Enquirer: 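Just passing along the structure, written as C-alpha cells.
All of these numbers come straight from a predicted model, not from anything done at the bench. Atoms considered below: every heavy atom in the structure, side chains included; atoms not considered: hydrogens, waters and symmetry mates.
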Amino acid sequence: MAKQLEITDIEIKGLKPKDKVYTKSYGGGFYVYVLPTGRKVCRYCYQADGKIKRYELGDYVAGKGKLKELVAEYNRAHTNRIHNKIDPVAENDTKKAKVE
C-alpha cells in the first residue's frame, strides 16, 4: 500500500501569498499552488504515458475542514494510479463526459 499523505491545516495556512505564483510540495506528487490573491489550490502531479500530468484536487479553504477532503481525494487518486493503473485525469474526463 502507498504511504498516506500527512499534512496539517497549520502548514497550509502558513503559506503566504507573494508577488508571483509559487508552489509548495509535500511529497508524493501533492503540492499547493499559491496565487498572489491568496487562493491556494491543491494539486497532484504525476507522470503517465510519458507525460507530466496535473490533477486538480480543489481549493483549500481555511477552517472549513476541506483539507481532510483534499487529502482523501489525493490518497484515492494516488492509490488508484499506483495499484490499479487508473489515470486520475482520464478518469475525471470520463466522469465529465457521462454527466454531459
Enquirer: Can you confirm whether Pro36 sits close enough to Lys20 that some side-chain heavy atom of one is under 4.5 Å from a side-chain heavy atom of the other?
Expert: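 Contact flag for Pro36/Lys20 side chains = no.
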Enquirer: Are Tyr44 and Phe30 close enough that their ring centres sit under 6.0 Å apart?
Expert: no
Enquirer: So, the side chain of Glu11 versus the backbone of Thr8: is there a donor-acceptor pair under 3.5 Å, distance only?
Expert: yes
Enquirer: Show the nearest heavy-atom pair for residues Tyr22 and Lys16, with the distance to one decimal.
Expert: OH-O, 2.7 Å
Enquirer: Out of Leu70, Leu57, Leu15, which residue meets the side chain to side chain contact (heavy atoms under 4.5 Å, CB included) rule with Val32?
Expert: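 Among Leu70, Leu57, Leu15, the one that satisfies the side chain to side chain contact (heavy atoms under 4.5 Å, CB included) with Val32 is Leu15.
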Enquirer: Does any part of the side chain of Glu56, heavy atoms only, come nearer than 4.5 Å to the side chain of Val41, both counted from C-beta?
Expert: yes
Enquirer: How long is the span from the CD1 atom in Ile7 to the CD1 atom in Ile12, to the nearest 0.5 Å?
Expert: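 Output value for this atom pair is 3.5 Å.
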Enquirer: Do Tyr60 and Asp9 have side-chain heavy atoms sitting under 4.5 Å apart?
Expert: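 Tyr60 vs Asp9: side chains touch.
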Enquirer: Assess Lys24 against Tyr26: is NZ or CZ under 6.0 Å from the centre of the six-membered ring, and within 45 degrees of the ring's axis?
Expert: yes
Enquirer: Say whether Tyr46 and Asp87, considering side chains only, have a donor N or O and an acceptor N or O under 3.5 Å apart.
Expert: yes
Enquirer: Do you know the tightest heavy-atom contact between Tyr74 and Gly28?
Expert: OH-O, 2.7 Å
Enquirer: Are Thr23 and Val34 close enough that some pair of their side-chain heavy atoms sits under 4.5 Å apart?
Expert: no
Enquirer: Once the angle between the rings of Tyr31 and Tyr33 is folded into 0 to 90°, is it parallel (under 30°), tilted (30 to 60°) or perpendicular (over 60°)?
Expert: perpendicular
Enquirer: Just wondering, do Pro17 and Thr37 contact through their side chains at under 4.5 Å, heavy atoms?
Expert: no
Enquirer: Calculate, to the nearest 0.5 Å, the distance between atoms SG and NZ belonging to Cys42 and Lys66 respectively.
Expert: 9.0 Å
Enquirer: Side chains of Arg81 and Ile86: closer than 4.5 Å at any heavy-atom pair?
Expert: no
